[in-house]
Amino acid sequence: MTSPARTRIAPSPTGDPHVGTAYVAIFNRALARQTGGQFLLRIEDTDRERSSPASEAMILSSLRWLELDWDEGPDCGGPHGPYRQSERLEIYREHARRLVDGGQAYPCFCTPERLAELRARQKAEGLDHVGYDGCCRELGRAAAAEKIRAGAPHVIRLRVPDAGETVFRDDLRGEFTFQNRLLDDQVLVKSDGYPTYHLANVVDDHLMGITHVIRAEEWLSSVPKHVLLYRALGYPMPHLLHLPLLRNPDRSKISKRKNPVSIAWYRAQGYLPEALVNFLALMGFSLPDGRELFSFPDLVEALDLGRLNASAAPVFNLEKLDWMNGEYIRALPLKELAARVRAFGVPPEREARLAEILPLLRERLKTLAEVAPRSDFFFADPAGYDPALLVPRKCDREFARAVLEAFPHYLEAVGPAFEAAALEAAVDRLAAERGLKRGNVFMVLRVAVTGSTATPPLVESMAVLGREAVLRRVGAAARRLAGEP
RNA sequence: GCCCCCAUCGUCUAGUCAGGCCUAGGACACUGGAUUUUCGAUCCAGCGACAGGGGUUCGAAUCCCCUUGGGGGUACCA
């Protein structure tokens with residue numbers, strides 16, 4: 001057994017909770033569970049412009065909905081808090097001071113305008129790399145301190161060596177070597193005193209005892225800067241694993257415009273949280289036995305970091321999610337499904353009948369959202385359908401008229417219990433005695449009773465509706481067919 | 001531009017690290033059939049891929065190189 005892993009998910013509260021966050025959370029949490037460690041939630045709200053408490057709240061509730069809850073976090077605290085970076089400013093300041101004192105970082109007074117100009121010039125000259133030119137590097141401590149005293153706005157930059165290379169290891173992809181000369185003097189503290197991701201992330205991961213950093217591939221190229229930071233601070237490196245990014249159908253990094261990325265969207269569409277988790281897990285991991293439907297506990301048991309997907313660039317395929325969600329819906333005990341549908345949102349007057357209706361609907365559901373439209377006919381007489389629907393293909397109006405007029409008589413033989421078996425017998429007798437094709441008889445009645453050609457099983461639906469409603473609808477259909485309003 | 005990652009059916013993938021068991025397996029989707037009371041569900045069948053080129057080897061989807069393609073990064077965003 002491996003030693004307990006402490007892992008984390010570190011979302012930035014700058015918008016809707018993203019499926020990518022959930023995707024990464026799944027593996028972090030699974031590893032923590034598997035090894036008996038802890039899974040933490042840390043809010044990285046160091047971008048004052050874009051961060052919002054509302055977004056943070058949505059992230060928490062979305063992750064909870066997915067049952068990806070955490071052992072330590074901003075809401076529940078923990079031994080290494082606070083877990084919101086905006087509340088840890090003093091810690092970062094201290095670290096920055098240490099780095100400046102040690103000469104591994106330095107204050108930079110360059111204006112954004114100068115930097116923009118510099119970048120533009122470098123681009124225009126076609127330099128093989130663009131980045132900070134080190135203008136403030138050799139300012140000298142005294143001069144820098146003087147400017148700071150005078151209140152000059154400044155940032156703190158990491159002093160990256162001009163030569164040599166930085167090597168690190170990703171547990172999924174092996175060893176990497178980066179040329180230091182190609183690395184920028186990364187900003188560690190912004191002019192507003194807030195840390196950048198790079199500083200805060202390294203400091204917090206260490207202080208919070210994170211052993212495994214599992215995150216998206218977009219971070220891979222900033223790892224060398226982090227390595228330099230860890231080294232400068234004298235902190236040991238955690239394990240690093242970079243997961244491939246989720247993609248749009250056009251293979252670009254998954255984005256709002258081209259795909260629904262908000263966890264809330266999936267919830268609103270009527271996807272089950274366990275199905276979404278399963279689906280997301282499958283994007284990055286496969287079980288040795290090839291099983292595709294598995295629960296989070298299954299994942300915890302089977303997770304093997306070496307089997308994480310390092311190579312492919314998974315495209316988010318809604319069709320497969322639909323299929324999977326249908327499988328989960330059908331696997332749910334009826335009572336549980338009813339509870340989920342109720343939680344999803346059902347008009348109160350419909351709640352009581354859910355228990356009768358759901359068995360008829362269940363096998364054709366892909367999402368919870370389909371329950372409402374598919375069960376409308378149970379609650380309201382069909383209106384507005386095209387009378388032509390009443391006439392099955394290869395049949396004439398006369399056929400439909402005969403069925404609709406005859407059916408009430410056959411219904412008399414159906415006992416007060418109004419059960420499906422008796423109803424089916426009635427339809428069968430009608431077809432047999434009148435010499436009508438059974439399937440077509442069913443279709444006429446189906447349209448009359450439901451207003452649609454695609455419905456749950458007819459006689460079962462009639463049984464739920466009751467004699468009165470069925471008679472009323474069949475009568476209305478007959479009049480409709482005759483052209484009456 | 002520069003740096004980095006990646007490359008198996010339309011899509012998600014198994015197989016690649018330890019080359020032969022792969023005339024490449026599974027899933028979704030699609031097509032056909034069975035069943036049925038429509039739709040769906042289910043069962044069966046079918047379609048369908050190792051990006052290209054060089055090596056290494058008795059043997060390569062698997063190892064190496066190049067090309068091409070896709071992606072990420074290149075911010076006082078994360």
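Fair warning: this is a prediction, and the values are worked out from it, not measured in the lab. Residue numbers begin at 1 in each chain, while the letters A, B, ... track the order of the sequences.
Applying the 4.0 Å criterion to OP1 and OP2 of B:C12, one finds that A:S286 has every side-chain N and O outside that range. Under 4.0 angstrom from either OP1 or OP2 of B:A7 there lies at least one side-chain N or O belonging to A:S311. At B:U13, one or more side-chain N or O atoms of A:N309 fall inside 4.0 Å of OP1 or OP2 (strictly under the cut-off). Taking 4.0 angstrom as the limit, A:K190 places a side-chain polar atom (N or O) nearer than this to OP1 or OP2 of B:C77. The side chain of A:R119 places an N or O atom within less than 4.0 Å of a non-bridging phosphate oxygen (OP1 or OP2) of B:A75.
Nearest nucleotide to the A:P457 side chain, out of B:C77, B:U38, B:G70: B:U38. Taking every side-chain heavy atom of A:K320 into account, B:G26 is the closest of B:A75, B:G73, B:G26. Side-chain atoms of A:R50 lie closest to B:C77 of the nucleotides B:C77, B:U37, B:G72. Residue A:L220 places its side chain closer to B:C4 than to any other of B:C28, B:C4, B:U38. Distance from the side chain of A:R307 is smallest to B:G15 among B:G15, B:C39, B:C2. Comparing B:A78, B:U37, B:U11 by their nearest atom to the side chain of A:R446 picks out B:U37. When the nucleotides B:A75, B:C5, B:U37 are ranked by their closest atom to the side chain of A:R173, B:C5 comes out on top. Among the nucleotides B:C4, B:U38, B:A78, the one closest to the side chain of A:M443 is B:U38. The side chain of A:E327 has B:U42 as its nearest neighbour among B:U42, B:A78, B:A29. Nearest to the side-chain atoms of A:A454 among the listed nucleotides B:G26, B:C4, B:U38 stands B:U38.
Using atom C1' as the reference point in both B:U31 and B:U67, the two lie 37 Å apart (nearest Å). As rounded to the nearest Å, B:G55 and B:G33 have C1' atoms that lie 49 Å from one another. Using P as the reference atom, B:A49 and B:A41 are 26 Å apart when rounded to the nearest Å.
Atoms CG (A:L389) and C1' (B:C39) sit 14 Å apart, rounded to a whole Å.
Among the atoms of the strands shown, only primed sugar atoms or phosphate atoms (P, OP1, OP2) are found under 4.0 Å from some heavy atom of A:E44. Across all strands, A:M324 comes closer than 4.0 Å to no nucleic acid atom at all (heavy-atom distances).
Taken from CG in A:L293 to CD in A:E274, the straight-line distance is 11.5 Å, to the nearest 0.5 Å.
Applying the 3.5 Å distance criterion, the base of B:G73 shares no donor-acceptor pair with the side chain of A:E217. Judged by distance alone with a 3.5 Å cut-off, no donor-acceptor contact links the side chain of A:S221 to the base of B:C4.
The side-chain ring of A:W323 is not stacked on the base of B:C28, judged by centre separation under 5.5 angstrom and plane angle under 30 degrees.
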